[in-house]
Amino acid sequence: MDILLAKHAGYCYGVNRAIKMTLDASEQRGGPIYTLGPLIHNPQVINKLTERGIFPVEDIHEVEGGGIIIVRCHGIDPKVILEAKNRGLRVIDATCPYVRKVQDKASLLVREGYFLVILGERGHPEINGIVACAAGEHIVLESADEVNNLPRRRKVGLVVQTTQSQSNLVALVSELIKRVGELRVYNTICNATMLRQRSALELARKTDLMLVVGGRNSANTTRLAEICKGVNAHTFHLETAEEIEERFFQEVGTLGITAGASTPDWIIEEIVQKIKVISSGAPELKHGRAL
Ligand code: SF4
């Protein structure tokens with residue numbers, strides 16, 4: 001069995017940056033520090049961070065004055081940052097610059113009188129942060145199927161959650177064009193997402209089995225799994241090597257592996273090792289990055 005690893009898979013720039021900022025702060029502090037929500041959507045990484053004294057909290061009120069609180073890459077309502085500072089907390093803002101760009105474009109559209117449409121997952125922390133930053137009339141749509149929920153407006157501006165798929169965006173834009181007088185679109189899907197989706201799709205098309213690795217609570221990993229499933233019904237979304245079963249590999253000549261932007265290399269590596277043990281003979285790793 002050949003194993004092919006997607007050219008772009010695993011940690012992205014924003015996640016690497018947030019983890020580095022958090023570890024640096026933890027080292028300097030030499031005591032517990034807190035992240036507002038899990039730092040990334042990967043339970044295994046969160047467990048490792050907790051072992052190092054980095055704890056997720058749901059609310060700034062759970063942290064005593066003088067403590068350090070990290071804003072994760074999804075961003076947050078600026079009022080929460082202000083309140084944390086007023087409570088005497090040190091805030092380290094690890095909002096990904098690409099998420100910041102969506103927040104800025106959304107605010108710009110509101111300031112310029114556009115009714116704001118955000119294409120993304122309702123309730124996702126990134127979307128909540130964008131809505132809070134824009135502070136204006138808006139609607140969140142999860143897909144083009146929901147376009148009938150859009151109130152009648154002449155000027156509509158659209159931004160997109162960084163982890164959305166290009167096909168969702170294209171479908172929504174083609175519906176909006178039919179309904180509004182003026183449409184301004186900012187394609188704010190981030191480059192890391194686009195590269196991961198493109199290489200996952202490429203791999204899913206030419207393999208017998210696709211394994212998509214990453215947290216089940218990770219929006220970008222779930223999207224990768226959906227994309228792969230669209231072209232390869234034999235696709236599984238896994239969090240860890242423990243979930244691998246021998247039956248996956250029956251009649252599989254070529255196996256593809258991809259991973260979300262919040263999946264560390266060590267989890268991908270553990271999965272490849274487990275497959276090597278299960279399959280007869282040592283499989284060759286082709287085209288992939290060195291593990
Ligand atoms: S997926 Fe894109 S927007 Fe999200 S953290 Fe990574 S680089 Fe930033």
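Both counts, for ligands and for their atoms, begin at 1 and track the order of listing. Here the structure is a predicted model, which means the values were calculated and not measured.
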Check: Tell me, which pairs form a salt bridge (Lys or Arg N to Asp or Glu O under 4.0 Å) where one or both residues lie in residues 126-144, sequence neighbours left out?
Finding: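 Listed once each, the pairs are Glu137-Arg153.
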Next item on the list: Apply side-chain hydrogen bond (donor to acceptor under 3.5 Å, both in side chains) to Asn220 and list each qualifying residue two or more places apart in sequence or on a separate chain.
Entry: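 Per chain and number, Asn220 pairs via side-chain hydrogen bond (donor to acceptor under 3.5 Å, both in side chains) with Ser218.
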Checklist line | Any residue meeting side-chain hydrogen bond (donor to acceptor under 3.5 Å, both in side chains) with Thr50, in chain and number order, not counting sequence neighbours | finding: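 Listed in chain order: nothing, the list is empty.
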Item checked: Ion pair Asp93/Arg100, N-O distance below 4.0 Å ->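 Arg100 and Asp93: salt-bridged.
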Notebook entry, point to check: Should Lys178 and Glu175 count as an ion pair when the cut-off is N to O under 4.0 Å?
Noted result: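 Yes, charged N to carboxylate O under 4.0 Å.
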Check: Any side-chain donor-acceptor pair under 3.5 Å between Asn232 and His234?
Finding: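 The criterion, which ignores hydrogens and geometry beyond distance, is not satisfied for His234 and Asn232.
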Next item on the list: Can you list, by chain and residue number, the protein N, O or S atoms under 2.8 Å from atom 2 (Fe) of ligand 1?
Entry: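 Cys190 SG, with waters left out.
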